[in-house]
Amino acid sequence: MKNIGIILLAFLPLLGYAQISGTVSTFENNKKTPLPGANVFWEGTETGTTTDENGKYIIDRVPESSTLSVSFIGFKAESKVIISRTGTTNFIMLPAESELSEVDVVGRVDATSIDLTSAELTYKIDDKELRKAACCNLSESFETNASVDVAFTDAVTGTRQIEMLGLAGKYALIQRENIPFARGLNANTGLTYIPGPFVQSIQLTKGLSSVLNGYESVTGQINVEFYKPETAPALMFNAFANQGGRMEANVISGVDINDKISTAFLLHGSLNPRINDVNNDGFVDMPTNSQINLNNRWHYKGDNGWEGQIGISAIQSDKLGGQTAYAKSDSPADSLWGFESHGNRIELFGKNGYVFQDEAFRSLGLMYSFSYQDHNGRFGQRKHYGEQKSAYFNSVFQDIIGTTAHKYRAGISLQIDDVTDQLSEINTEGFLYNQKRQEIVPGAYAEYTFEPDVKFTLVAGLRADYNSFYEQAFVTPRLNLRYMPTENTTVRIGGGRGQRSPNVVAENLNLLASSRVMNYNRMDKYMAEIAWNTGASISQNIPVGDKKIVLNVDAFYTWFENKLVADLDFDPTQAYFINAQGSKSLSVLAQADYEVFKNFDWRLAYKYLNTQDEFINGLAASYLIPTHRAFTNFGYRTENGWKFDLTLNWFGEKRLPDTELSPAEFQQQPYSDDFFTVNAQINKSFKNGLELFVGADNLLNYRQDNPIVNAENPNDAYFDTNFTWAPIFGRNIYAGLYYTLDKKKK
C-alpha cells in the first residue's frame, strides 16, 4: 500500500478537461508579436475572456458553441471550429484593410442547458441556476432540476438523499472535477460536504457515462466543478441564515501569483444551534449541526504544454438530534433516545496534463487522490463506526486516428479502498455487524469516438477491472449514439453495465433511526451490486415566432443482476438485508423550457417512475419513490438587477413499508398522500458586486403531521422514523448575500 502511494505521488496534479488555451499574435516587421487585450469568446454566448500581456488566454469549454472567435480593433476577426474538449488553439490576426467599426457581440447563456454535441444526455448547470435555491450544500441545489429528486431519508438524522432515474444517489457517480468524491462511506451524505457557493458549474449526465470515469455509475454522473485558481474571483463572500436557526458563511479568494502560478482558497462554515420541534412530537425536527470545510488548490501553467494543479481539502461535520430532552441535556439519561453523528474527511488531490505541441489533438492527463474519512454515530442504544482510506489514480491519453472524425481515449486506473463498517450496541461487547475489507482494483479502458460530421456521434467504450476482494474481473461495456436529423432535433440512445461495492450499514443509517433489528441472515454473502442501464432521448427545438420551445423527452430502464435490498415489509420490527435479483426501474421525463418574453423564462416538467425491488415476498414497488412527479418554474429578471424565481412542485403518492402485522395503533396507510410545495426567491444585484436575496422554502407551509411512528415510546419495538414522505419543519424563510470582487484584468 505504501509503495503504491509513493508511486502515485510521483505523478503531479492534472489539468482540467474542459478548457481551451492558446495565444493571439500578429506580425510586426516580420516578427511574431503577442496581442494583449484581444477579445476571445465563444460565438453566440456571453462566455469570453481577454488575452494577457503576453497574448495568452484560457477559456472554459461551453456546450452551446463550437466556434471560438477572436476580435481586436484594427484587425480582422478570426474564428476556428473547436472539436476537442481541451487543447491549444493559437490565432494569428492580420490588420484590417479598412477601418473597422466596433461590433458588440450580444448573446445569452442559459443557466441550464443540454450539451447538444455530446453523445450522452448531459446537462450543464452553472452557478446562476444554483443561486435560484438557497443552495447551502449541493444536496439542496436541485430544486429547479427535474432530473434529480431530493428527499429526507428519515425523520431524525436530517439526511437528504438525491435520487436519479428512481434510484438512490449512491447509484450515480458523483465526482469533483472528474475525481470520485461521494462514494463509500459518504455515498449517501457526500453532497452535504459540497457547499453550494464553492460550485462554478455542474455537468449532470443521465444514464451511463464514459468508461474513463470508472465502472461505478449506473444511473448517471454528477461532475462538480469548483471555482479554480484561474477562474475564482479575487474575493467572493456569501452569508446565509434561515428561520430554523441555520447560519452559514463562505469565502472564496483567487490569487494570481504570476502569469504561471495561481491559487484559490475556499472556506465554509455552518452552524445551527437551535432545537426545533414544530410538530411537538418530542423529537428535534432537524438535528443541530456544525460543519467546517476548507479547500486550497494551486494551479501551474507552463510554456511547453505542461499544466497542473494540486490541492487539499479538510472537512469536519457534527450533528446532534433525537428526543429534544436528549439534545438539550449535557448528561442525558440512558432512557432517552439520542442521535449523534461526527465525521471527518481529509483529501490530497491533483491533476497534471501535457498537450503535445506539434499534435493539437494529442494529450496526456494524470489525476490522483488520497483520502481518509471516518464516522462515529449514535442511534439510540446502537452506534456505528466507519472508516475509509482510499487512493485513486487515473490516466487519460487521447488522440485522433488519421482525422478528427476518428478519436480515441485510453488509459489505466487504480482504485484502492480500505473500509471498516461496524455496528454495535452501547455498553455491550462484540458487534452486531463487522466488516473490514480491502479492495485493490487495477483497471484499463479504451474508448473510440466516431464523429464524421456535426450530425452524428458514436462513442463505444470498454474497460476491464480486477477486484482483489471479490477475486473477480469485471468487464464494463458502454455505447452511446447521437444523431441530428435536422438542426432542431437531436436523438440519443445508449446503454451498458455498471457495478459497485455496497457498504451495508453506512448506506442504511436511516434504518437505525428506529427500533428495527438489522437482520443479515438472508444475505447469501457480501456481493457487488451489478446493473444494466439503457436509455433514449430526443431534444427538440420548436420555433414559436422569434423564440423557441426547448423540449426534451427521455426514457431510461435499469435492471439489476444483484442489488442489496433492505426489506421492511416482512416483519415490522426487523430490517432484512437480501441479495436481490430482478430489481428494476423505469424513468420517463418530459421537460419544456420557453422564454415567454424577454427575460421571463418558464420551465415545465413531468416525470413518471416505476421502481420495483425484489423483496422476500416477491416484486413490489420501492419505498418512498413517487410514481408521478411534476414541477414548474418561473424566472424573471429585470435590466436593473432584480431577479424573481418561483417553483411549484407536485409529488405523487409514495409506497410506505407494510405495517399489516403491526398492532392496530401503529399501522400506517400503504401509500402517502400526494402534495404540493412552493419555493420562492427574490434577488437584487448591484453594480458594486453585491447581491442580496430573500426567499422561502415550502411557502405554503405543507407538513407531514406524524412522521414518527410511536414517538412516545422510542425504546419500544414499533418505534420507526422511516415513514417520512413530506416536509416536517414547514415554511422556512431565509435571507443572504453575495459579494464578488473580480480580479483586475492585466
Side-chain angles (χ1 to χ4, degrees), residues 12-43 45-62 65-95 105 177 200-201 225 227-234 253-264 297-310 351-365 742-746:
L12 295 177
L14 158 291
L15 80 165
Y17 275 96
Q19 291 181 332
I20 303 296
S21 60
T23 60
V24 179
S25 309
T26 188
F27 282 95
E28 292 183 1
N29 299 323
N30 293 323
K31 183 179 179 180
K32 191 176 180 181
T33 305
L35 275 179
N39 297 309
V40 184
F41 57 93
W42 294 103
E43 286 279 6
T45 77
E46 293 178 341
T47 301
T49 187
T50 57
T51 56
D52 62 17
E53 66 270 24
N54 298 312
K56 296 180 180 179
Y57 74 92
I58 182 170
I59 188 169
D60 287 341
R61 193 72 163 88
V62 300
S65 177
S66 59
T67 302
L68 188 63
S69 298
V70 178
S71 66
F72 195 80
I73 296 176
F75 291 82
K76 293 180 178 179
E78 298 287 343
S79 298
K80 292 185 179 182
V81 176
I82 307 299
I83 299 176
S84 60
R85 285 175 52 82
T86 185
T88 301
T89 300
N90 299 322
F91 291 88
I92 301 294
M93 302 192 74
L94 300 177
V105 178
E177 297 168 6
Q200 186 174 24
S201 66
E225 298 282 341
Y227 279 95
K228 304 178 181 63
E230 64 274 24
T231 61
S253 179
V255 180
D256 294 332
I257 307 300
N258 53 44
D259 62 342
K260 295 183 179 179
I261 300 175
S262 56
T263 185
R297 51 168 52 179
W298 292 76
H299 178 264
Y300 171 79
K301 183 173 177 61
D303 295 326
N304 57 355
W306 283 100
E307 183 177 359
Q309 60 176 283
I310 188 169
K351 300 180 178 182
N352 191 289
Y354 177 72
V355 178
F356 291 79
Q357 298 298 286
D358 298 328
E359 300 290 342
F361 299 100
R362 182 178 301 168
S363 65
L364 173 66
D742 292 326
K743 293 177 182 176
K744 293 183 179 180
K745 295 182 179 180
K746 298 180 180 179

K.L.:
Specify the closest pair of heavy atoms between Ala38 and Val70, including all atoms of both residues, with the distance to one decimal.
P.N.:
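Closest pair (atom of Ala38, atom of Val70, distance): CB-CG1, 4.2 Å.
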K.L.:
Mind checking what makes side chain to side chain donor-acceptor pair (under 3.5 Å) contact with Gln200, not counting sequence neighbours?
P.N.:
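Residues passing side chain to side chain donor-acceptor pair (under 3.5 Å) with Gln200: Thr231.
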K.L.:
Mind checking side-chain contact (heavy atoms from CB on, under 4.5 Å) for Ser201 and listing every partner two or more places apart, or none if nothing turns up?
P.N.:
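Scan of Ser201 (side-chain contact (heavy atoms from CB on, under 4.5 Å), adjacent residues dropped) gives Lys124, Gln203, Glu225.
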K.L.:
State which residue, out of Asn39, Thr50, Val24, fulfils the side chain to side chain contact (heavy atoms under 4.5 Å, CB included) condition with Tyr57.
P.N.:
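When Asn39, Thr50, Val24 are each tested with Tyr57, the side chain to side chain contact (heavy atoms under 4.5 Å, CB included) holds only for Val24.
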K.L.:
What distance do Trp298 atom CH2 and Ile310 atom CD1 have between them, rounded to the nearest 0.5 Å?
P.N.:
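Nearest 0.5 Å value for the CH2-CD1 distance: 11.0 Å.
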K.L.:
List the residues meeting side-chain contact (heavy atoms from CB on, under 4.5 Å) with Ala232, not counting sequence neighbours, and say none if there are none.
P.N.:
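Ala232: side-chain contact (heavy atoms from CB on, under 4.5 Å) contacts with Tyr227, Ile252, Ala264.
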K.L.:
Measure the NZ-CD distance between Lys743 and Glu230 for me, rounded to the nearest 0.5 Å.
P.N.:
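Here the interatomic distance stands at 7.5 Å.
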K.L.:
Only counting residues at least two apart or in another chain, list the ones meeting side-chain contact (heavy atoms from CB on, under 4.5 Å) with Thr23.
P.N.:
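With neighbours one apart ignored, the set is Ser25, Lys56, Asn90.
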K.L.:
Which distance, rounded to the nearest 0.5 Å, do you find between the CZ of Phe91 and the OG of Ser71?
P.N.:
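Between atom CZ of Phe91 and atom OG of Ser71 there are 10.5 Å.
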K.L.:
Would you compute the distance between atom CG of Leu35 and atom CE of Met93 and round it to the nearest 0.5 angstrom?
P.N.:
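Output value for this atom pair is 7.0 Å.
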K.L.:
State, yes or no, whether a side-chain contact exists between Trp42 and Asp60 at a heavy-atom distance under 4.5 Å.
P.N.:
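A side-chain contact under 4.5 Å is absent here.
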K.L.:
Taking side chain to side chain donor-acceptor pair (under 3.5 Å) as the test, write out the residues that go with Ser262, two or more places apart.
P.N.:
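Side chain to side chain donor-acceptor pair (under 3.5 Å) list for Ser262, sorted by chain: empty.
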K.L.:
Is the backbone of Ile59 close enough, under 3.5 Å, to the side chain of Thr49 for a donor and an acceptor to pair up by distance?
P.N.:
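It does not hold such a pair.
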K.L.:
Holding to side-chain contact (heavy atoms from CB on, under 4.5 Å), I want the full list of residues that pass it with Lys301, two or more places apart in sequence or in another chain.
P.N.:
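side-chain contact (heavy atoms from CB on, under 4.5 Å) check on Lys301 returns Ser21, His299, Glu307.
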K.L.:
Taking C-beta and beyond as the side chain, do Ile257 and Tyr300 meet within less than 4.5 Å on heavy atoms?
P.N.:
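In short, these two side chains do not touch, never coming nearer than 4.5 Å.
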